[in-house]
Structures are given as structure tokens and as C-alpha cells.
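Encoded as C-alpha cells, the structure appears first; notes follow it.
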Amino acid sequence: MSRYQAAEIEPKWQKAWDEAKVFRAERAEDKPKYYVLEMFPYPSGRIHIGHVRNYTMGDVIARYKIATGHNVLHPMGFDAFGMPAENAAMANGGHPKDWTYSNIDTMVEQMKPLGFGLDWSRMFATCDPEYYGQQQALFLDFLEKGLVYRKNAVVNWDPVDMTVLANEQVEDGRGWRSGALVERRELTQWFFKISDFSDELLSALDTLDNWPAKVKTMQANWIGKSRGLQFSFSLVDAPHGHDRVEVYTTRPDTLMGASFVGISPDHPLAKELERDNPDVAAFCEKARQGGTTEEAIEKAEKMGFDTGLKVRHPFDTAWELPVYIANFILMDYGTGAIFGCPAHDERDHEFATKYGLDIIPTFEPVEGEYPDGAFVPAKTEKVRYIKSFAGEEIQTGNEAVDAAVDFCEQNGVGQGVTKFRLRDWGLSRQRYWGCPIPVVHCETCGVVPEKKENLPIQLPYDEGDKPIDFSIPGNPLDRHPTWRDCDCPSCGAPAKRETDTMDTFVDSSWYFARFTAPRADTPTNMADAEYWMNVDQYIGGIEHAILHLLYARFFARAMNICGHLPETAKEPFDALFTQGMVTHAIFQTKDGNGRPVYHYPEDVELRDGKGFLKDGTEVEIIPSAKMSKSKNNVVDPVQIIQQYGADTARWFVLSDSPPERDVEWTAAGAEAASKHLARVYRLAAELDDAPANAEADQQLLREMHKAIHDVTGGVESFGFNASIAKLYGFTNTIAKSRAGAEAKREALKTLAQLMSPMTPHLAEEIWQTLGGEGLIAQAPWPVADEAMLVEDTVTMPIQINGKRRGEIEVPKDMDKAEVEKLALANDAVQRTLDGAQPKKVIVVPGRIVNVVM
RNA sequence: GCCCGCGUGGUGGAAUGGUAGACACAGGGGACUUAAAAUCCCUAGGCUUAUGCCGUGCCGGUUCGAGUCCGGCCGCGGGUACCA
């Protein structure tokens, strides 16, 4: 008798699939196509258990769809540009390119033994010049269509290292390396005009029926459509050229509660005042301290500076309001100026309390007490207006806003405007390891697009004659001796290349389209795009719910405009599944400067819920955190694969936890998965030659069809854990069945088929042992016989006042009155009723009886 | 701060508004074995020994019936536009 030896089985079948080209995707008109895609990985160095979970889910879908007669595209690539490669070069020397490609080699080597049904011939990395050259071509097409432009925007500036920092590199308002207080500084940057599509990106969410509602909600809130009033305050004794301050408000109904006007430190008026008032300059400098994130700005202490200037209230020119410069108002939002209504806004309330400004309620609750602090009811709630100028006395916020806008428009005070929270997408990065922005700066011609025939504009590997030194802060492209030098594509005069590279979100915004024709010498090939798009099932982490998915939706539209994608691919992902993350505790200590040091799980010993290093130092345990290379809490699945095999790893990551839920990784359990697979293997290997047994055979057949039905349902609905629970059950049924050999052979072959998307190698082996024809990977999926699923009788629980007190076995389609009669005759019911009449009897056919008394 | 989720035995989790704890893991008991491994069988929410009570983060509500729906808390996670 042979034993289950994954190490022998798995390479054998991988070779067989390869030779039969089972997963090679070719256009074919005789079958429906199916494009399944998992979000491609960043080549961090090694795969982690989260990757295994993600790609196994995609593989289950891919293999299932092949079995159900689809022509499947299931590609893989790498999201290969980004900061970690530069950080590695900074920390350990070497070159980002070498680091990245070496990581990709390692990860491919680690992924191949998992037996994923991928078309590896389509693989690419976004740092391949063939890919990013086409991305540069897309950029030029977007530029031509007016979808790209330049403007100023704020970045995190480290004044000691004299460099731009990513948000991640700002810790508590200080630069991660220098420790210097970070400032917000303006820089001229490139932007994609995603705001042109705000309304469409919002309304089209309604068409995405197979996206999770939570993702659509998050995107809708992010886009943030609001109706409000834009109007201007006139300044008293205005400085030259600043006689009006333009503001936008979503609460014009609270205009009578206005008590101040706030402007951003970057507002033109603030800048004007800053020029000859040192106090203003000092305040603005302080207000610009700290990072650029919304979180940092929202959480920072609210600070204001009274400019001494006054504006006139639009309804009453005698009513003057003070003008403050405030650190929480951003130039990027709205007009960079607001009016404050402290009675009905938490932030304004805090500000007014701090600076002793008026707090004037304009409405109150219809019933009950006026609350302490700001009164901010939902806009759908009715309130009583006590300082009203438009609409009913009692109305909802929404009604009041509409009435206020109408009133203001009729009286020449501004106009109703629809605005979006969504800002244009700044794509410039002052970094080396990204896709160069293909434009040239010419003294006479200005900003000139590079010619397409000069693409790709490749990153230089060396700095002239010596290796690039990544230990120096700043962008190596900026200080490169020769790379910047070029001729102006327009006039031919000596000119300078743009040294900014693209945000890595650009790379991942169109890779799904590139996979349809990965070697084309244009960004896409229309025939291939038309055949393969859309992605039928996209699978990825919930952390990408907003940015990546929104940017990809924008890119699909922009590519359509430029003729790179068909109209039908404007929403590129037909169905989306967001799998949960695999989380793991972070083990942390502090260094001499109080900065965190992260330790690998294998270096930490756990005792009584506390963690210790080998030298006895206790570590702080931060539970359930997203796995991140920089936090050293990544679990490496390679050991599991080596010890138990790919099928065990695949089975294990799919069992137990529902796919959409986060799962805290623990090492226990792989052993159990392996035991189960060995048991299945044994059942097939030890199949005896027992004679047929009519009753047991029939019973096993029924169970088999139930298993087909349930497992298929699980796979169709991303309930892989439910499918696996059914497969455990079916395996137990077969093991205990007294059916004859032929019935068991059929059951085991079906079991192998149902398991084949999850444990494909073991399934092939069993299929072969039991005499299955060809490869199980190419065998048609079993179909459940509906007639076999029907049960004649059903067990109905009986509740008395909602509590279960007994049960009855009744024919499946017995009518309600009969069921009621039987239920009332039940011992437990008789006992409890004790001769009394029930008030009511509820019979839910096939489910439950509830006796109310 | 704001937006979006999640919270069920010792553990992972199951449950179209209808028997809470399926299926597993760890545990306990047993069989086989000289012994161990492997395998197989039984057991298993808590209180307690009943035809009982309690129990799905906490408090309240809707309902004949709530883990599921609604409101308010608490805790944890994701995102917050330069991490990917």
C-alpha cells in the first residue's frame, strides 16, 4: 500500500498540466471566455501566507471555470516599482533594479510549486521597460486629450534631508530619518483629471451589481458629491486686489449663525498678508508644520490667527465678521476659505470656544433639550429654525439647504453649486524607482511631450561612470550628470528631462488590460482587449477598496477615450471579491532613541501570552496587524509547502475562515489538513472489491449528489470554507459507507473532482488511481441530479413562545393544518398547554412551528 | 477626527429573521500495539444533573420568533489621496 507523498505527486502533475498547456490562454470562439484576476503582488522578496490565500482563491475559480467549459485567462505579474526597493538600496547598498528582479525570481520560484493554474507566458513586471514604455505612451495620449495637467500641490518636506517624504515616512510629524519637524511645502506637480469623471464614477457604481456594497459605499463617500452655495464676502478695507473672499458651504441654511471667516495658510490673501506682516508669516510657518495627511490635519490642534481684517455679512452689511487664518483649512478643498458656524459644527465650535467667538444657534431640536456643544443633527432630521431666512420653520436640513440656495440665488448672493470631495490625482513622485514622466522642459518651448518613437524613456542604471549612490537623500535622477540632458522634441535645442517619476498606482491602474496582450507594441491590442475584457472576477484585499479601484476605473475610461479599451470596458471589473487579510501580531521593542524596532516571529518565544527575545527581553505584542514587510510580521509559507506539500497549504488557507474575513495566522492546523488529505488518498488507494449493496449504494449516491450540490454552491459564492466543510462530511460518509466497490469508486472519483480546484495534485493522483479518463483538470464538472436531492420527510422543531421544546417528523409537503394538529398533539406541547388553548400557532412549512400561549 | 467593516465555545468558525455552536483544531476517554507513531471509535458551550436555567461584545427596541433587522455604546481592524 502506497502512502500519500506530496513531494512525489505534485511536480509530476505540474509537468503534465504544463505539457498539456491546460492553463495557456488563447482566444477561442467556441467557448465562453472567463477572465479571473487576483491583484498582483509587490515583489517584497518572499511570498507570504496572504499571497497563498489570495492566489488559491483565484485558482479555485479558474480551475472551476475550466471544468464548467470556459476559456479561462488567469495571468500573473508583479507591481514592481515603489519605495521599498529604494529603501533597501539605501539600507544595504545595491540597486533597486537588481533587488527587484532578484525578488521576482525568488517569488516565482516559491509560487510555482503551489501549482496555480496560471498562464505564466503572460507574466510581466511593471518595471520592465516594455511595460512602462507603454505607460509613457498612455501618459502622452492622456496629455493630448487634456486628461493631464500641471498645478501646485503640497508635499511633506523634510527641511534637514532637503527631500520630499511619503506619508509613511512621517512619524508623529517628524521625518523618519532626520527626526526634523516636517513642513507642508508646495511643488509643481502633474495631475490626472479624475475630477472630470466624478459624477460618472459615482453614478456608475450603481451598475456594479457584483461588487460588495461596502466598497461602493466607501467609493461614494470618497467621491463625496455635495450640493452647496458658493458666494463671496466683501472685505472691509481690503488689501489691494483682495476685495472679496470666495467661500463654499454645504450649510447655507446656517448663514445667520456665521461668526467668523477662516482661510487656509496657503490662501492668496494669507500669502499677501504674510509678505509684510512678520506675525502672519510666523503663524503661517507654524500652521504649515506637520504632515499632509487628512488624518494629521484633522487631529492636529486647531489654531487660528486673527488677521484683524473684517468681512461684511452678505445679508447685513453692518454685520462684520473677523477673518482668521486657520491651520485646518486646506487650499486643495473647495475655495480654501470657509465661514464658521460654531453652533452647528464640532470643529467650528471648538475654534470659537478657543478664540472667544460668538456661538449663534440657527435651529433647535423639535422636541427635547438643546444639547451641550455643537448641535449637528443628520440632514434628514427635522429641526425648528429660530434664525431662518428661507423655507419652513420646521424642516429637514436638506430642505433648508435647498431653500437657502434658492433664496440666495434670487437675492444675488452667490449660487448653488454641486461639488465633489474627490480631488485630481497627483501622480508626480520625486523618486528614482518609478516610471519616468515622458516630458522635456525647454527654455523656449516650455513643457514639451517626448516623441513616442523615443519611448521608452529608460531609467539610467548608473550615475554616469559610477553606480548610483542611494544613500544620499533626494532623487538620483535629479542629480544625474547626463540623464537629464536631451534635445527639445519641438525645437531641437538642448533641454532638460522631467526627473519626476509616476505614482506606482499608475502602474497598477491598467495592468489588467495589458494582460490581454502583454507583448503588444501598443498599450493594448484592441482585438484582444475586446475578447478578454472585462475581468469577470477580480479578487483582492479590502485595503484597495478606494484608491486602486477608483484609479483603475478612471484609467479604463481614459483609455477608452484614447482608443485603448472598448466602450464596454469602462467598468473593467464585472465582479469584485475582497478577501480578508491574513494578520499577524507585531513584536516590537524600542531602540535607544525611543524608535520602534520590529522582530521576526521566529525570534520571539511566547510564554503566558507574553513575548520574549532569546536574550530574555520582553517585547510588546501588537495583535492582529496587517502583514507588512516593514513591520517584520510576515509569515513565510515555504516551510509548510516543503513539509506537507502545496495541496495541504492550499486546503489549509481555504478551510475554516470565510474568505472575506480577516484571519489571524497561527501555525497550528496545517498538520490536520495534511492528515485529512492523507486519509482521502488512503480511501482511494485501499478501495476494496466489495460486492454491490443496493441500499447502501443508493444511499451513497444520494449523498454524492448532495455533496456535488453543496460544494458547487460554495465555490460559486466564495464560500470555500463551506465547501470544505461539506467535503469533510462527504469523505466521512464514504469512509463509513457499506456500499459496494463500484459505488464507492464513483463517489471517490466525484470527491476527487470536487476537491480538484482546491487540491489539484491529489485530485489528479486519485483520478488516475481510480481509472479516470485524461486529466481531472480538463474533466467536466459533475452535475447534481436534482431528483436525488429531494427528501421525503422533514424534521420540524416545535417552539413554545419562541423556545424549542420538541420536534416532529412530517412528510415534506404536508399542509399547514395537518402540521399544526401534529404539533399540538406533541407531548411537550400538551404538557405545557395543560388543557389551555394556544393563542396562536405559526407554521412555517418545512421549517418550524411556534406555539404562542 | 472622518468613512467602511468586524465582534458567536478553549481555538478557527456554521447558521435564506425559524432547532445557536455544522465542519474542523486543541482537549478528555477508549480500541489496536510489548511500547510508541499512525489509524479507528466515543465525548465535548456554561451552570448543573432537569421534562431546568443561562448563553452570539454591552444596553435598549421591532417581531410569534433576533447571532441575523433598528437605535445607542464599547473594543478591534482597514482606508484617510506619497506604503502597496
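No experiment lies behind these values; they were computed from the predicted model shown. Below, chains carry the letters A, B, ... as their sequence lines are ordered, and counting in each starts from 1.
For the ring pair (Phe, Tyr, Trp, His ring centres under 6.0 Å) test, residues two or more places apart in sequence or in another chain that qualify with A/Y551 are A/W425, A/F505. Evaluation of the side chain to side chain donor-acceptor pair (under 3.5 Å) rule for A/W510 yields A/Y131, A/Q135 as partners, not counting sequence neighbours. Scanning for ring pair (Phe, Tyr, Trp, His ring centres under 6.0 Å) contacts around A/F328 gives A/F351, with sequence neighbours left out. Residues satisfying the ring pair (Phe, Tyr, Trp, His ring centres under 6.0 Å) test with A/F720, not counting sequence neighbours, are A/F718. Not counting sequence neighbours, the partners of A/E301 by the side chain to side chain donor-acceptor pair (under 3.5 Å) test are A/K354. With sequence neighbours excluded, no residue satisfies salt bridge (Lys or Arg N to Asp or Glu O under 4.0 Å) with A/D656.
Checking B/A84, B/G78, B/C64 against every side-chain atom of A/V852, the shortest atom distance belongs to B/C64. Side-chain proximity of A/I542 to B/A81, B/A84, B/G78: nearest is B/G78. Among the nucleotides B/G1, B/A38, B/G79, the one closest to the side chain of A/K675 is B/A38. Closest to the side chain of A/R805, out of B/C53, B/A81, B/U39, is B/C53. Candidate nucleotides B/U39, B/G1, B/C64 were compared by shortest atom distance to the side chain of A/R682, and B/U39 ranks first. Out of B/C83, B/A81, B/C40, the shortest distance to the side chain of A/L422 is found at B/A81.
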Inset, instruction - Quick one, give me the B/S/- string for nucleotides 14-23 of chain B, reading 5' to 3', where B means a protein heavy atom under 4.0 Å from the base and S means that only happens at the primed atoms, P, OP1 or OP2. - result: S-B-BB--BS

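A donor-acceptor pair under 3.5 Å links the side-chain atoms of A/D158 to the main chain of A/D161, judged by distance alone.
Using a 3.5 Å distance cut-off with no hydrogens or angles, the side chains of A/R185 and A/N152 do not pair a donor with an acceptor.
Counting only Watson-Crick or G-U wobble pairs whose defining distances are both under 3.5 Å, the stems of 3 or more consecutive pairs in RNA chain B are B:1-7 with B:74-80, B:10-12 with B:23-25, B:27-31 with B:39-43, B:45-47 with B:52-54, B:57-61 with B:69-73.
Note on A/W425: nothing from the nucleic acid sits closer than 4.0 angstrom, heavy atoms only. Residue contacts for A/E346: at a heavy-atom cut-off of 4.0 Å it reaches no nucleic acid atom on any strand shown. Nucleic acid contact class of A/G541 (heavy atoms, under 4.0 Å, all strands): none. At a threshold of 4.0 angstrom between heavy atoms, the contacts of A/K803 are confined to the sugar-phosphate backbone, with no base atom among them. At a threshold of 4.0 angstrom between heavy atoms, the contacts of A/A672 are confined to the sugar-phosphate backbone, with no base atom among them. Base contact: A/V155 has a heavy atom under 4.0 Å from a base atom. Looking at heavy-atom distances under 4.0 Å, A/T293 makes contact with sugar-phosphate atoms alone, never a base. Residue contacts for A/Q830: at a heavy-atom cut-off of 4.0 Å it reaches no nucleic acid atom on any strand shown. Within 4.0 Å of A/S428, counting heavy atoms only, lies at least one base atom of the nucleic acid.
Distances shorter than 4.0 Å separate none of the side-chain N or O atoms of A/R421 from OP1 or OP2 on B/C3. For A/N167, a side-chain nitrogen or oxygen approaches OP1 or OP2 of B/A81 to under 4.0 Å. Between B/A24 and A/S655, no contact under 4.0 Å exists linking OP1 or OP2 to a side-chain N or O.
Taking atom C1' in both B/C70 and B/G77, one finds a spacing of 24 Å when rounded to whole Å.
With a glycosidic angle no more than 90° from 0, B/G9 adopts the syn conformation.
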Going by atom type alone, with no hydrogens or angles, which donor-acceptor pairs under 3.5 Å involve a side-chain atom of residues 76-90 of chain A and a protein atom two or more places apart or on another chain?
| residue | atom | partner | partner atom | Å |
| --- | --- | --- | --- | --- |
| A/E86 | OE2 | A/Y432 | N | 3.3 |
| A/E86 | OE2 | A/W433 | N | 3.0 |

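Residues A/T292 and A/N167 have side chains in contact (heavy-atom distance under 4.5 Å, counting atoms from C-beta outward).
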